[in-house]
Each structure stands twice: as C-alpha cells, then as structure tokens.
Trainee: 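Below you'll find the structure I mean.
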Number of protein chains: 2
Amino acid sequence: MRIGELAKATGTTARALRHYEQAGLIRSERAGNGYRDYDEQTAIRVRNIRHLLDAGLTLEDVSAFAACLDGDLAAATPSDRGRRIALDRLAVLDQRIARQLAARNRLATALGLLPADAAAPPTPRAPKAERVP
Amino acid sequence: MRIGELAKATGTTARALRHYEQAGLIRSERAGNGYRDYDEQTAIRVRNIRHLLDAGLTLEDVSAFAACLDGDLAAATPSDRGRRIALDRLAVLDQRIARQLAARNRLATALGLLPADAAAPPTPRAPKAERVP
DNA sequence: CTTGACCTTGACGTTGGCGGCAGGCTTGGA
DNA sequence: TCCAAGCCTGCCGCCAACGTCAAGGTCAAG
C-alpha cells in the first residue's frame with residue numbers, strides 16, 4: 001500500500017502521513033524505488049490516531065498510546081505496559097472535557113437554555129490525576 | 001486599575017491582556033502618563049474570556065460573545081442580539097465535546113474501564129447545527 | 001538623583017499540525 | 001518514446017495565543 005492509497009483510505013493526506021511517520025507514530029517499509037510501503041494494519045492505526053487528534057490530543061499525547069493504536073481501540077489490547085501512561089492521559093482528557101463542559105454549561109445557562117443546575121457527569125468511572133512532570 | 005493589577009486579579013499576564021485588547025475584547029482608558037487604566041468590570045470580563053478560552057474557543061469565537069461578557073455569564077444577560085451567534089458557537093462546542101467524549105470512551109473501553117457501552121449524554125438539551133459559512 | 005518596579009510600543013520567537021512548493025526520481029500507458 | 005501521475009526530500013509558510021526581548025518613559029522611595 002503506497003502513501004496515496006493509505007491517505008485516501010484513511011481520509012487524510014500524504015503530507016500528514018509523512019508527518020505522523022516522522023513523529024514516530026507510524027512506520028513504513030521502503031520499496032526498491034524508495035516509495036513508502038504500508039501494510040493493512042497501518043490504516044487502522046492511522047484511523048485511531050485521527051480519532052485521538054480529533055479529540056483534541058496532540059501528537060505527543062497520541063504517542064503515549066503508541067502501543068495500543070493497532071486493533072480496534074474500542075476492543076481490548078488489555079493489560080499493556082503503556083496502561084499507566086494511558087491512564088494519565090485519560091485523566092488529562094477527562095479534565096479537559098470537564099472544563100469544556102463547564103464552559104458549555106455556563107454558556108448555555110447564560111443563554112437561558114439550562115436552569116442553572118444540571119451537572120452532567122462528564123466521566124463515569126475515572127480516576128483523578130494531576131501532573132506528570 | 002493598571003495592567004499589572006488586572007493581570008494578577010485575573011490570573012493572567014499583562015501581555016495577554018494587551019493581546020485581548022488588540023483583539024477588541026477589552027478596552028482601556030489611558031492615564032496621563034499613557035498607562036492603561038481599567039475599571040472593575042474588566043476583571044469579570046477577562047475572567048469570562050478566560051473561561052471560554054479554557055473551554056477551547058478561539059479569541060474570534062469569544063468575540064462572538066463580546067456583548068455578553070460582562071456580568072456573571074452564568075446568570076442572565078437574557079435575550080441578546082448575539083444569541084444566534086452564541087447558539088451557533090454553542091453547537092460547535094457541543095460537537096467538539098461530543099467528539100472528545102467519544103474518543104475518551106473509546107480509550108476507556110480499550111483500557112477496560114468501560115463495559116463497551118455507556119454513552120453519557122454530553123449535552124443535555126442542545127440544538128443541532130452544522131456550518132456557518 | 002538614582003534605583004527599581006511598572007509601564008509603553010514594536011517586533012521577532014515558539015509550538016502544533018500540517019499545506020504547499022521546488023527540484024528531481026519512477027512508472028504505467030498511449 | 002514521451003507524458004502525466006505519483007512518489008521522494010527538503011524547506012518555508014501559516015494560524016493562534018501568547019512569550020520574550022529591546023529600547024525606552026514614569027514614578028515613589030530612599
């Protein structure tokens with residue numbers, strides 16, 4: 001699979017893929033002519049990366065999940081050595097979401113869309129964490 | 001109130017305040033010596049701006065709320081002519097939050113923290129919207 | 001009257017996630 | 001045989017929201 005195909009298959013661009021590669025998020029073989037060559041796996045991986053980026057994570061954040069980017073992301077890869085990092089990141093994500101939700105509700109309230117209460121739990125079961133210096 | 005005081009009072013920096021000013025989000029009088037002079041109102045305004053920025057809005061987004069940045073933001077300023085814009089932005093915010101929540105849940109599931117269901121309603125009562133070209 | 005804390009206006013630097021272009025390979029097909 | 005497509009490696013550009021000098025003016029305290 002060459003870069004253009006992968007790009008189409010994942011709804012992104014060749015440029016972005018090269019970028020991910022140099023960020024260490026995906027890897028490629030090289031064909032005799034120097035062209036990048038990807039396997040099927042990579043498409044999934046890229047899609048997962050995109051999911052996370054869309055969620056507002058940075059590439060660095062994403063790289064923390066590097067180990068569990070293959071596979072469904074919504075189905076298993078249980079007990080990884082990246083779990084701790086992942087949990088940290090998850091906590092960060094939760095914080096971020098909570099803040100946005102707070103702002104959203106402030107806004108909605110200001111617009112008279114919410115009755116000045118309604119604290120929707122943004123994160124069902126999640127541990128609390130702070131810094132990871 | 002001078003810029004340094006305002007900065008401290010709002011937990012931000014003088015630079016940022018100048019930036020907000022040049023973005024048209026806050027205004028200042030000038031003392032005889034050329035120093036910026038703010039009134040108490042502005043502190044509230046700045047805090048509201050910060051709230052929105054923290055929620056992931058851009059300064060441009062925020063400027064859409066310019067009219068309702070004084071006051072509590074969580075208490076009234078009802079029926080404004082900025083409402084339509086505000087509603088649009090709110091929708092965008094909702095989308096953003098929903099995406100992040102989706103990612104969060106994918107993640108949590110991958111980590112075995114969620115039983116592969118649990119779709120927490122990110123936005124209680126919110127209208128749906130798309131583009132605003 | 002000098003020091004030091006604060007203020008002023010530029011203007012350039014930074015971080016993230018690419019976009020886009022230059023200049024040069026290689027290919028498949030007419 | 002030749003073209004257009006697709007690929008390669010740099011490398012500069014861009015947007016946002018400031019950070020960070022630089023090169024000063026101001027002012028109260030000592």
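Numbered from 1 within each chain, the chains take letters A, B, ... in sequence-line order.
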Trainee: Using only side-chain N and O atoms of Arg15(A), determine if any of them is under 4.0 Å from OP1 or OP2 of dG20(C).
Mentor: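 For dG20(C), OP1/OP2 do not have a side-chain N/O of Arg15(A) under 4.0 Å.
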
Trainee: Taking the nucleotide of DNA chain D with the closest heavy atom to each, which residue, Ala16(B) or Gly4(A), is nearer the 5' end?
Mentor: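 The residue whose closest nucleotide sits nearer the 5' end is Gly4(A).
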
Trainee: With no hydrogens and no angle check, is any side-chain donor or acceptor of Arg45(A) less than 3.5 Å from a backbone partner on Leu25(A)?
Mentor: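 Yes, Arg45(A) side chain to Leu25(A) backbone: donor-acceptor pair under 3.5 Å.
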
Trainee: Side chains of Ile49(A) and Thr10(A), heavy atoms from C-beta outward: is any pair under 4.5 Å?
Mentor: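 Heavy-atom side-chain distance check fails, nothing below 4.5 Å.
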
Trainee: Just how far is it from atom CZ of Arg18(B) to atom CD of Gln22(B), taken to the nearest 0.5 Å?
Mentor: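 So the gap between those two atoms works out to 11.0 Å.
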
Trainee: Report yes or no: does Asp37(A) contribute a side-chain atom to a donor-acceptor pair with the main-chain N or O of Arg30(A) at less than 3.5 Å?
Mentor: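 No; zero donor-acceptor contacts below 3.5 Å.
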
Trainee: How many Å lie between CZ on Arg18(A) and P on dG6(D), as a whole number?
Mentor: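 In whole Å, dG6(D) P and Arg18(A) CZ are 13 Å from each other.
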
Trainee: When all nucleic acid strands are considered with a 4.0 Å heavy-atom cut-off, which category describes Ile49(B): base, sugar-phosphate, or nothing?
Mentor: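 Answer is nothing: Ile49(B) stays at 4.0 Å or more from every strand.
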
Trainee: Whole Å only: how far is the OH atom of Tyr20(A) from the P atom of dG17(C)?
Mentor: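 The distance from OH of Tyr20(A) to P of dG17(C) comes to 9 Å, rounded to the nearest Å.
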
Trainee: Provide the closest heavy-atom pair for Ala7(B) versus Thr13(B) in the form atom of the first, atom of the second, distance.
Mentor: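 Residues Ala7(B) and Thr13(B), closest heavy atoms: CB-C, 3.8 Å.
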
Trainee: Output the rounded distance in Å from CD (Glu60(B)) to P (dC14(D)).
Mentor: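 The answer, rounded to whole Å, is 18 Å.
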
Trainee: Please report, rounded to the nearest Å, how far the C1' atom of dG13(D) is from the NE2 atom of His19(A).
Mentor: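 Taking atom C1' of dG13(D) as the reference, NE2 of His19(A) is at 14 Å.
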
Trainee: Taking DNA chain D as the partner, which of residues 23-30 of chain A come within under 4.0 angstrom of it by heavy atom?
Mentor: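 Contacting residues: Arg30(A).
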
Trainee: What's the CD-P distance between Glu21(B) and dA17(D), to the nearest Å?
Mentor: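 After rounding, the gap between these two atoms is 17 Å.
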
Trainee: Please determine if a side-chain N or O atom of Thr13(B) lies less than 4.0 Å away from the OP1 or OP2 oxygen of dG19(D).
Mentor: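 Answer is yes, contact under 4.0 Å.
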
Trainee: Counting the atoms with a prime plus P, OP1 and OP2 as sugar-phosphate, which does Arg2(B) contact under 4.0 Å by heavy atoms, base, sugar-phosphate, or nothing?
Mentor: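 Sugar-phosphate, backbone atoms only, no base.
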
Trainee: When you measure from the side-chain N and O atoms of Arg36(A) to the phosphate of dC7(D), is any distance below 4.0 Å, counting only OP1 and OP2?
Mentor: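 So the side-chain polar atoms of Arg36(A) never come under 4.0 Å of the phosphate oxygens OP1 or OP2 of dC7(D).
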
Trainee: Is the backbone of Ile97(A) close enough, under 3.5 Å, to the side chain of Gln100(A) for a donor and an acceptor to pair up by distance?
Mentor: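 Side chain of Gln100(A) to backbone of Ile97(A), a donor-acceptor pair under 3.5 Å: no, none is there.
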
Trainee: dG17(C) P sits how many Å from His51(A) NE2, rounded?
Mentor: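 It is 17 Å, rounded to the nearest whole Å.
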
Trainee: Let me spell it out: for each of Ala14(A) and Gly32(A), pick the nucleotide of DNA chain C with the closest heavy atom. Which residue's pick is nearer the 5' end?
Mentor: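 That would be Ala14(A).
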
Trainee: Is the phosphate of dT8(C), meaning OP1 or OP2, less than 4.0 Å from a side-chain N or O of Asn33(B)?
Mentor: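 False: Asn33(B) side-chain N/O out of range (4.0 Å or more) of dT8(C) OP1/OP2.
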
Trainee: Among the candidates dA16(D), dC18(C), dC18(D), find the nucleotide nearest to the side-chain atoms of Thr58(B).
Mentor: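 In terms of side-chain proximity for Thr58(B), the closest of dA16(D), dC18(C), dC18(D) is dA16(D).
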
Trainee: Can you name the nearest heavy-atom pair linking Arg2(A) to Tyr38(A), along with the distance?
Mentor: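 Closest approach of Arg2(A) to Tyr38(A): C-CD1, 4.2 Å.
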
Trainee: Take the protein atom CG of Leu6(A) and the nucleotide atom P of dC7(D), then report the distance between them rounded to whole Å.
Mentor: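 From Leu6(A) CG to dC7(D) P: 10 Å.
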
Trainee: Main chain of Thr58(B), side chain of Asp61(B): is a donor-acceptor contact present, judged purely on distance under 3.5 Å?
Mentor: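 Confirmed, Asp61(B) side chain pairs with Thr58(B) backbone.
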
Trainee: Tell me which of Leu17(B) and Ile3(A) sits closer to the 5' end of DNA chain D, going by the nucleotide each one is nearest to.
Mentor: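 The 5'-side residue here is Ile3(A).
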
Trainee: In whole Å, I'd like the distance from the CG atom of Asp37(A) to the C1' atom of dG6(D).
Mentor: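 Nearest whole value for this atom pair: 14 Å.
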
Trainee: Output yes when at least one side-chain N/O atom of Tyr35(A) is less than 4.0 Å from OP1 or OP2 of dC25(C), else no.
Mentor: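 No.
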
